[in-house]
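Inspection log for the structure reproduced underneath, given as structure tokens.
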Amino acid sequence: MQNQQNTTSPPPPPPRIGMAQPMMHGGNRFARVKERPRNFAKTVARLLGYFREQWFVLVIIFILSLASSVAALAGPFLIGRVIDGLVAPADVPELALIFLILPIMYAWDGISHFMQTWVVAGASQKLVKTLRGLLFKHLQSLPIKFFDSHMHGELMSRLSNDTDNIAGILGMALVSLSSVAITLTGVLVMMLWLSPTMTFFTLVSVPLFFLVSKAIASQTRKYFRSQQVALGMLNAKIEEDISGMAVIKAYGCENSAVEEFARINEDLRYAGTRAQIWSGFIMPAMNVINNLSLAVVAFAGSVLVINGNLTVGIIATFIAYSRQFSRPLNEMAGVYNQLQSALASAERVFDILDEPVEKEDPPGAVALDSPRGDIIFKGVGFGYKPGVPVIEDCNFHAPTGSVIALVGPTGAGKTTIVNLVTRFYDVDAGSIVLDGRPLEEYTRSTLRRAFGIVLQDTYLFTGTIMDNLRYGHPSATEEEVKAAAKLVGVDHFIRQLADGYNTVLTENSRTLSQGQRQLLAITRCVLANPAILILDEATSSVDTRTEVKIQQAMGMLMRGRTSFVIAHRLRTVAGADQILVVDSGRIAEQGNHDSLMAAGGIYARMFEMQLRGLGV
């Protein structure tokens, strides 16, 4: 397995046009790298900002929390009255009324909590649905270079695991925090009303609560974020290895794949264990503080009762209120601790949402209507990294309807040239002119629709053959699809399948050969009817007989269209109108086959070596 650098500092290689290349990764101990906790308040505020359309939910939660807190506060007060009635002449009607009210109060408290949970569950899931939709939509607007430098499985983890984590914890946090705020306020008011002195002794432990919570939370948030990062890396590894299982088995790399998975899995265990350990500290610590607080209240209360300053009933009420005061603090500390996990996930989602989208079309950009396909490169320079040029001073003219072949050694810059033509990347120097205008002066959406792309690695989406053929032209009728299939010569083999055009394919479907998949891609391109074609090694991975069929289909497809053909088999492009020999980012030679052979340069040597079967 090849090691890759961490996704935070990618050196993007020249990507295959239109396809994000999965990045391998090694055993770097990414989960053990310390990460600075982000801005807690800012992340919470941004997350709650998505609740603006559901403001009424927050109102309902507040009302239910208020009702629940009133019921919870009434209980200790009424119990205190009962105790005082037992040590003094009893008011029987009052005691009877109290015994009647108490069950109602506690029942209402439970019902209110249930209703809060029910309301928040729907609201939090709706919020996460919105976040997931925004995230997926934002991914569609990101430039190709973003996908070239991020692992696909890791992005999938943010779309699924991180958003689910937000939903699972955010709802509980909203209910708990609203209830805590109201309960603490109510308990504090009741305690001050009954006895300011006892209130002081009850509040002695509060600073300790916050100090311990803050110390623990600073650690848990760091490890929860590392845990989500590790989970994303694990998903990336799983997605990568399942997609490449045939290669793993072919090279006998099962053991190394298992070892690499074990290393990543160990990083996830490391981060997850520490996140849970630090998270588990919070409740025992809070219980110790709570018990100390009760001891202080009981001791101070006993002294005040002995001195005749308070009644036994009030002390009992204070002990109950002390528990009610510490319970929300415990709960808040626990929720705050768990909230670290949700906020870590939210930050990972926001990191993607904050990624800059493709440059907007400049003011005055025009739609590319009826493109002719006349393309001129004028002194074009480009590099994937600043200061590291890949293309330098590139000049050539592709007239309308011409076939331009790009040949040269691997890594010379052939794919980069067509990436620039399609504006998957923008040039650093010079300009590319299409039909008399620089590419930047056209709206990107209409520019892209002018191109049809057939790749070496054909990508078919999960769906029927009919769906895949219609991908570039969704409104095409069934008759139009079948006509295009007949034109390319694939109608016959499609009809031989059990379900014909309704045969369901998957991304890595093994029901079709590579040649058949390539012919389907060409049919998809024919149906889209583009003005300009990009053919990237479209026949390099098929047998000779299939290559002949594909060449015939491509010949029909290229008729009357400006075409860029990237090829290593030079005999397949010998008939091109113009052959560009790309070497180290420059156009070393250009001309037709005969002129280049007569020149006896790089192309002639490459062609002769291929004829002798020596390769290039």
Side-chain angles (χ1 to χ4, degrees), residues 7-21 23 46 133-152 154-155 158-159 349-371 373-395 398 413-453 455 472 528 530-532 534 536 562 564 585:
T7 57
T8 56
S9 58
R16 186 167 301 283
I17 180 163
M19 296 291 288
Q21 300 301 305
M23 298 179 66
R46 185 171 179 180
L134 287 173
L135 183 57
F136 188 79
K137 182 179 179 180
H138 189 72
L139 286 172
Q140 310 305 310
S141 65
L142 294 177
I144 288 292
K145 65 180 180 181
F146 172 84
F147 299 96
D148 292 334
S149 57
H150 286 75
M151 290 177 291
H152 299 174
E154 208 275 336
L155 294 177
R158 299 194 192 209
L159 265 168
V349 171
F350 293 152
D351 283 345
I352 302 297
L353 290 175
D354 291 338
E355 284 286 336
V357 299
E358 283 188 310
K359 293 179 181 178
E360 293 185 4
D361 297 323
V366 298
L368 179 58
D369 297 321
S370 304
D374 186 82
I375 299 173
I376 303 174
F377 270 57
K378 297 181 178 179
V380 170
F382 172 76
Y384 291 99
K385 294 174 65 177
V388 185
V390 176
I391 298 293
E392 295 182 272
D393 194 27
C394 183
N395 297 276
K414 304 184 296 296
T415 295
T416 299
I417 288 175
V418 290
N419 275 337
L420 296 175
V421 173
T422 53
R423 273 202 78 192
F424 286 152
Y425 291 86
D426 287 319
V427 299
D428 296 332
S431 66
I432 303 175
V433 178
L434 171 61
D435 295 347
R437 286 178 178 268
L439 294 185
E440 294 79 9
E441 294 186 9
Y442 294 110
T443 59
R444 187 178 275 103
S445 59
T446 58
L447 174 67
R448 297 266 173 85
R449 284 200 294 270
F451 291 90
I453 300 174
L455 303 168
I532 306 168
I534 305 292
D536 188 355
T562 303
F564 289 86

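Numbering starts at 1 and runs along the sequence shown. Treat the numbers as computed from the prediction; the structure is a model and nothing was measured.
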#### Entry: Smallest separation among heavy atoms of G373 and D435, with atom names
N-OD1, 3.1 Å
### Message
I'd like to check the salt bridge (Lys or Arg N to Asp or Glu O under 4.0 Å) partners of R449; sequence neighbours left out, ordered by chain and number.
### Response
none
### Exercise: do Y425 and T416 side chains pair donor with acceptor under 3.5 Å
no
### Query
Closest approach of F147 and L139, non-hydrogen atoms and distance?
CZ-O, 3.0 Å
### Query
Between F377 and N395, does a side-chain contact (heavy atoms from CB on, under 4.5 Å) hold up when you go through it step by step?
CA-CA 5 Å; F377 270 57; N395 297 276; 5.6 Å; no
### Query
Are the side chain of D428 and the backbone N or O of G383 linked by a donor-acceptor pair below 3.5 Å?
yes
### Residues that S431 engages under side-chain contact (heavy atoms from CB on, under 4.5 Å), provided they are two or more places apart
K378, V433
### Task
Please lay out, stage by stage, how F564 and T422 fare under the test side-chain contact (heavy atoms from CB on, under 4.5 Å).
CA-CA 11 Å; F564 289 86; T422 53; over 6 Å; no
#### Entry: side-chain hydrogen bond (donor to acceptor under 3.5 Å, both in side chains) partners of residues 356-367, not counting sequence neighbours, each pair once
E358-R448
### Task
Quick one: pull up CZ in F424 and OG1 in T415 and give me the separation to the nearest 0.5 Å.
11.5 Å
#### Entry: From T562 atom OG1 to D374 atom CG, the distance as rounded to the nearest 0.5 Å
7.0 Å
#### Entry: side-chain contact (heavy atoms from CB on, under 4.5 Å) involving R437 - partner list, sequence neighbours excluded
V366, E441, Y442
### Summary
For I432 and V421, the nearest pair of non-hydrogen atoms, with its separation, is CD1-N, 4.2 Å
### Query
Where do A528 and G472 come nearest, in terms of heavy atoms and distance?
CB-O, 4.0 Å
#### Entry: Residues that D354 engages under side-chain contact (heavy atoms from CB on, under 4.5 Å), provided they are two or more places apart
R46, F350
### Message
Going by side-chain hydrogen bond (donor to acceptor under 3.5 Å, both in side chains), name the residues that satisfy it together with D426, two or more places apart in sequence or in a different chain.
### Response
R423
### Task
Taking the side chain as every heavy atom from C-beta outward, state whether C394 and I417 have any pair of such atoms under 4.5 Å apart.
yes
### Task
Describe, in one word, how the ring planes of H150 and F146 are oriented to each other, choosing from parallel (under 30°), tilted (30 to 60°) and perpendicular (over 60°).
parallel
### Task
Can you sort out the partners of E355 under side-chain hydrogen bond (donor to acceptor under 3.5 Å, both in side chains), two or more places apart, ordered by chain and number?
none
## Note on the structure
With sequence neighbours left out, the residues meeting side-chain contact (heavy atoms from CB on, under 4.5 Å) with S370 are none
### Summary
Checking L353, I352, D351 against V349 for side-chain contact (heavy atoms from CB on, under 4.5 Å), the one that qualifies is L353
### Message
T446: which residues meet the side-chain hydrogen bond (donor to acceptor under 3.5 Å, both in side chains) condition with it, sequence neighbours left out?
### Response
T443
### Task
Would you indicate whether the side-chain heavy atoms of I532 and I375 approach each other to under 4.5 Å?
yes
### Task
Mind listing the closest non-hydrogen atom pair of V357 and L142 along with its distance?
CA-CD2, 4.2 Å
### Query
Shortest non-hydrogen contact from A450 to P371?
CB-CG, 3.9 Å
### Steps toward side-chain contact (heavy atoms from CB on, under 4.5 Å) verdict (H138, L134)
CA-CA 6 Å; H138 189 72; L134 287 173; over 6 Å; no
#### Entry: With sequence neighbours excluded, residues passing side-chain hydrogen bond (donor to acceptor under 3.5 Å, both in side chains) with R444
none
